[in-house]
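See structure below.
The structure presented is a predicted model; accordingly, all values stated were derived computationally and were not measured. Sequence positions, counted from 1, serve as the residue numbers for this chain.
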Amino acid sequence: MTAIKRVSRFGGRSFPLLFLLLAGCATPTIRDTILRDMALGAVAGTLLGQTQSDNRAAYSMMYAGVGGLAAGAMSTYYHLQNEEKKNKENQDLKEELQRFKKQLEPQLIQQGHSLFKIPIPREVSKLVEPGEWKRYKMDQWVQDPNQPNTWYRQVEMFEIIPPVSR
């Protein structure tokens with residue numbers, strides 16, 4: 001009987017302080033948030049059990065368990081829904097970023113395999129690999145480094161790869 005009275009006295013004095021401490025905690029992880037919500041549910045159940053006229057300790061323990069379980073289940077459900085929304089939004093933003101990056105990259109529109117006007121002789125072709133050229137379409141604005149109020153629009157780019165010996 002004294003153990004029940006001790007629990008009853010403990011619940012009456014310390015739970016408001018515990019409630020204030022738990023309510024003021026800022027926890028960054030979902031797991032910590034769910035545990036905090038379960039503790040708050042248990043505190044609420046204990047306080048509800050203290051309002052009973054007989055067997056306060058038993059009702060406090062029973063209501064604390066039910067309150068903690070209910071708060072944990074609701075918190076888990078809420079956070080899982082939010083996590084799914086965040087994952088969906090994150091995936092959509094990644095796809096939009098990929099589309100945006102693709103628009104900024106130059107697009108190859110033509111390509112050639114010789115920089116010479118006439119083909120190189122067969123004897124030399126074993127010694128030299130002819131150069132090539134590539135033509136890209138692009139659309140980007142570049143600021144003039146000498147004049148900050150001047151911008152240039154670049155719409156084409158040529159890449160020339162010179163001949164190399166083998």
Side-chain angles (χ1 to χ4, degrees), residues 14-48 61 63-166:
S14 299
F15 276 118
L17 179 61
L18 180 63
F19 179 76
L20 290 175
L21 288 173
L22 289 173
C25 292
T27 55
T29 63
I30 293 174
R31 187 180 86 183
D32 292 341
T33 305
I34 292 171
L35 290 175
R36 182 200 65 201
D37 292 346
M38 290 176 70
L40 290 174
V43 167
T46 302
L47 293 176
L48 182 63
M61 296 259 187
Y63 289 158
V66 170
L69 178 67
M74 288 175 21
S75 182
T76 301
Y77 178 74
Y78 171 75
H79 288 295
L80 287 179
Q81 277 187 337
N82 280 348
E83 194 68 26
E84 290 173 1
K85 287 179 184 176
K86 287 178 188 175
N87 289 340
K88 173 80 170 112
E89 183 179 357
N90 193 12
Q91 185 64 31
D92 291 344
L93 289 174
K94 283 181 181 178
E95 291 172 1
E96 188 175 336
L97 181 63
Q98 289 299 325
R99 283 193 302 271
F100 184 70
K101 282 182 179 179
K102 192 173 185 179
Q103 288 177 352
L104 292 179
E105 291 178 356
Q107 299 171 357
L108 182 65
I109 55 173
Q110 284 182 325
Q111 183 174 356
H113 294 289
S114 178
L115 295 177
F116 303 110
K117 288 186 179 182
I118 54 174
I120 57 175
R122 276 188 219 169
E123 301 86 26
V124 181
S125 67
K126 295 178 183 176
L127 302 173
V128 175
E129 186 171 322
E132 67 179 294
W133 57 272
K134 296 178 183 178
R135 181 179 177 190
Y136 295 93
K137 180 182 176 186
M138 53 192 283
D139 189 8
Q140 66 183 23
W141 291 89
V142 178
Q143 187 177 18
D144 187 349
N146 298 326
Q147 295 181 345
N149 294 331
T150 303
W151 291 80
Y152 297 106
R153 183 175 183 186
Q154 296 177 342
V155 293
E156 281 189 341
M157 177 175 77
F158 284 92
E159 180 181 5
I160 298 174
I161 302 165
V164 293
S165 60
R166 291 186 184 187

| remark: When rounded to the nearest 0.5 Å, the distance separating CE of Met138 from CD of Glu105 is 11.0 Å
| note | Minimal heavy-atom distance between Thr33 and Ser75, with the atoms involved, is O-OG, 4.3 Å
| If we only count heavy atoms from C-beta on, is the Gln98 to Phe100 side-chain gap below 4.5 Å? | no
| said: Check this for me: Glu89, atom CD, are more than 12 non-hydrogen atoms of other residues, nucleotides or ligands nearer than 6.0 Å? | reply: no
| task | Show your working on salt bridge (Lys or Arg N to Asp or Glu O under 4.0 Å) between Lys88 and Asp92 and close with a plain yes or no. | result | CA-CA 6 Å; Lys88 173 80 170 112; Asp92 291 344; 3.3 Å; yes
| Met157, CE atom: more than 12 neighbouring heavy atoms under 6.0 Å | yes
| request: Report, as yes or no, whether the 6.0 Å neighbourhood of atom OH on Tyr77 holds more than 12 heavy atoms from other residues, nucleotides or ligands. | output: no
| message | Salt bridge or not between Lys137 and Glu156? Use side-chain N to carboxylate O under 4.0 Å. | response | no
| query | Judged by modelled atom types alone, do Gln107 and Tyr136 share a side-chain donor-acceptor pair under 3.5 Å? | reply | no
| Minimum side-chain heavy-atom gap Leu93-Glu95 below 4.5 Å | no
| query | With a 4.5 Å heavy-atom cut-off, do His79 and Asp37 have their side chains touching? | reply | yes
| Which distance, rounded to the nearest 0.5 Å, do you find between the OH of Tyr152 and the CG of Asp144? | 4.0 Å
| task | Answer whether the closest heavy-atom distance between the side chains of Lys101 and Arg99 falls below 4.5 Å. | result | no
| Shortest non-hydrogen contact from Gly41 toward Ala71 | CA-CB, 3.9 Å
| In Å, rounded to the nearest 0.5 Å, how long is the span from CG of Asp139 to CD of Gln103? | 9.5 Å
| request: Starting from the C-alpha separation in whole Å, work towards a yes-or-no answer on side chain to side chain contact (heavy atoms under 4.5 Å, CB included) for Lys102 and Leu104. | output: CA-CA 5 Å; Lys102 192 173 185 179; Leu104 292 179; over 6 Å; no
| said: Return the CD to CG distance between Gln143 and Asn149, rounded to the nearest 0.5 Å. | reply: 8.0 Å
| query | Which distance, rounded to the nearest 0.5 Å, do you find between the CE of Met38 and the CG of Leu40? | reply | 11.5 Å
| remark: Distance col, row Asn90:CG vs Glu83:CD, nearest 0.5 angstrom, shows 10.0 Å
| said: Is it the case that atom CD in Glu96 sees more than 12 heavy atoms from other parts of the structure closer than 6.0 Å? | reply: no
